[in-house]
Amino acid sequence: MNKNDSCICCSGRPYSKCCEPYLNYKANPKTVRQLVRSRYAAYALGQAKHREYLVNTWHPATAQNVRMADLIAEGHKWTGLEIVKATQKGDLGRVEFKATYSVDDGPEQIHQEKSAFHRHKGIWLYLEGEVNESEA
Ligand SMILES: [Zn+2]
């Protein structure tokens with residue numbers, strides 16, 4: 001992805017001013033909304049360093065349950081992200097979002113998730129999510 005391309009997270013902003021600084025550890029997301037966007041971008045870009053980013057933004061309390069295979073999602077093409085609702089209260093954040101994808105060029109699927117986040121040592125991390133998968 002080039003710096004001036006519009007970001008893969010569907011924000012409409014250039015990559016260099018959106019998720020790129022987070023994915024390259026030049027900055028930490030200040031809001032849970034930014035964290036969700038950057039994690040979606042990591043899934044969508046899907047290289048080894050992006051999988052590392054997903055692991056690094058996982059809360060230590062739940063990270064032991066993460067399986068590398070879940071982060072690869074072979075054949076998945078992520079096609080869109082919509083943040084339905086995002087709230088922050090102190091060090092706790094909640095985000096409801098919809099991400100669309102297709103597998104091996106099949107019909108579009110919707111991954112709907114209500115995620116919880118915790119700010120740990122000043123950095124927002126993904127804690128857990130309640131997921132619903134459906135056909136688009
Ligand atoms: Zn972005």
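When a residue number appears, it is its place in the shown sequence, counting from 1.
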Student: Search all heavy atoms of N4 against all heavy atoms of P14 and return the closest pair with its distance.
Tutor: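 Scanning both residues, the minimum pair turns out to be O-CB, 4.2 Å.
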Student: Would you call the rings of W78 and H111 parallel, tilted or perpendicular, where under 30° means parallel and over 60° means perpendicular?
Tutor: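 It falls in the perpendicular class, over 60°.
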Student: Counting C-beta onward and ignoring hydrogens, is there a side-chain heavy-atom pair between I8 and M1 closer than 4.5 Å?
Tutor: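 The answer is yes; the side chains approach within 4.5 Å.
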Student: Search all heavy atoms of L71 against all heavy atoms of Y43 and return the closest pair with its distance.
Tutor: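 Where L71 meets Y43 most closely, the heavy atoms are CD2-OH, 3.7 Å.
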Student: Can the ring centroids of W124 and F117 be said to lie less than 6.0 angstrom from one another?
Tutor: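 Ring centres of F117 and W124 not closer than 6.0 Å.
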Student: Of all the heavy-atom pairs spanning R51 and G46, show the shortest one and how long it is.
Tutor: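 Shortest heavy-atom separation between R51 and G46 comes out as NH1-O, 3.2 Å.
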Student: Taking the hydrophobic residues Ile, Leu, Val, Met, Phe, Trp and Tyr, and joining any pair whose side-chain heavy atoms are under 4.5 Å apart, which ones share a cluster with L125?
Tutor: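 Its cluster partners, ordered by chain and number, are I123.
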Student: Atom CG of residue position D105 - does it have more than 12 heavy atoms of other residues, nucleotides or ligands inside 6.0 Å?
Tutor: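 Open: at most 12 neighbouring heavy atoms sit under 6.0 Å from CG of D105.
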Student: So that I can tick it off, tell me whether E20 and K26 are bridged by a salt bridge, with the cut-off set at under 4.0 angstrom between side-chain N and carboxylate O.
Tutor: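 The answer is yes: the pair qualifies as a salt bridge.
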Student: Taking C-beta and beyond as the side chain, do E96 and Q112 meet within less than 4.5 Å on heavy atoms?
Tutor: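 Yes - at least one pair of side-chain heavy atoms lies under 4.5 Å apart.
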Student: What's the shortest heavy-atom distance between A86 and R33, and which atoms?
Tutor: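 So the two residues come closest at CB-NH2, 3.9 Å.
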Student: I'd like to check E113 versus E130 (side-chain heavy atoms, cut-off strictly below 4.5 Å). Are they in contact?
Tutor: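 Side chain of E113 against side chain of E130, heavy atoms only: no contact under 4.5 Å found.
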Student: Report whether L45 and L81 are members of the same hydrophobic cluster (ILVMFWY, side-chain heavy atoms less than 4.5 Å apart, transitive linking).
Tutor: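 Yes, L45 connects to L81 through the hydrophobic network.
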Student: Between T79 and T100 (side chain of the first, backbone of the second, donor and acceptor by atom type, cut-off under 3.5 Å), is there such a pair?
Tutor: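 Checked: pair present.
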Student: Applying the side-chain contact (heavy atoms from CB on, under 4.5 Å) test to V95, which of I83, T87, V84 qualifies?
Tutor: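 Passing option: I83.
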Student: According to side-chain hydrogen bond (donor to acceptor under 3.5 Å, both in side chains), does anything in residues 7-19 pair up with another residue at least two apart or in another chain? List the pairs.
Tutor: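 As it turns out, there is no side-chain hydrogen bond (donor to acceptor under 3.5 Å, both in side chains) pair with a partner in residues 7-19 once direct neighbours are skipped.
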Student: To the closest 0.5 Å, what do you measure between CD (Q34) and CZ (R39)?
Tutor: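 One finds 14.5 Å between CD of Q34 and CZ of R39.
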Student: Does any donor atom in the side chain of E133 or Y101 lie under 3.5 Å from an acceptor atom in the other side chain?
Tutor: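 Looking only at side-chain atoms, Y101 and E133 do form a donor-acceptor pair, the distance falling under 3.5 Å.
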Student: State, yes or no, whether a side-chain contact exists between Q109 and S134 at a heavy-atom distance under 4.5 Å.
Tutor: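 No, every pair of side-chain atoms sits at 4.5 Å or beyond.
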Student: Starting from Y22, can I reach V55 by hopping between I/L/V/M/F/W/Y residues whose side chains sit under 4.5 Å apart?
Tutor: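 Both belong to a single hydrophobic cluster.
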Student: Between CD of E52 and CG of L54, what distance do you get to the nearest 0.5 Å?
Tutor: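 The CD atom of E52 sits 10.0 Å away from the CG atom of L54.
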Student: Grouping I, L, V, M, F, W and Y whenever their side-chain heavy atoms are under 4.5 Å apart, do L127 and V36 come out in a common cluster?
Tutor: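 Hydrophobic grouping puts L127 apart from V36.
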Student: In the structure I gave you, are the side-chain heavy atoms of N56 and Y25 within less than 4.5 Å of one another anywhere?
Tutor: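 Sidechains of Y25 and N56: in contact.
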Student: If we ignore hydrogens and angles and just use 3.5 Å, is the side chain of Y40 paired with the main-chain N or O of G80 as donor and acceptor?
Tutor: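 Yes; at least one donor-acceptor contact below 3.5 Å.
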Student: Do N24 and Y53 meet the criterion of a side-chain donor-acceptor pair at a distance under 3.5 Å?
Tutor: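 Result is no, nothing qualifies.
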Student: Can you find a heavy atom in the side chain of S115 that is under 4.5 Å from one in the side chain of R94?
Tutor: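 Counting from C-beta outward, S115 and R94 never come under 4.5 Å.
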Student: When you look at C9 and S38, which way does the side chain to side chain contact (heavy atoms under 4.5 Å, CB included) test go after all the steps?
Tutor: CA-CA 7 Å; C9 78; S38 66; over 6 Å; no
Student: Please round to the nearest 0.5 Å and tell me the distance separating atom CZ of R119 and atom CD of Q88.
Tutor: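 One finds 6.5 Å between CZ of R119 and CD of Q88.
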Student: Applying side chain to side chain contact (heavy atoms under 4.5 Å, CB included) to L92 and H118, what does each step give before you reach the verdict?
Tutor: CA-CA 5 Å; L92 281 177; H118 182 237; 4.0 Å; yes
Student: Show the numbers, then the answer: is there a side chain to side chain contact (heavy atoms under 4.5 Å, CB included) between L35 and K30?
Tutor: CA-CA 8 Å; L35 178 59; K30 286 187 183 62; over 6 Å; no
Student: Atom NZ of K121 and atom CG of N28: how far apart are they, to the nearest 0.5 Å?
Tutor: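 Answer rounded to 0.5 Å: 13.5 Å.
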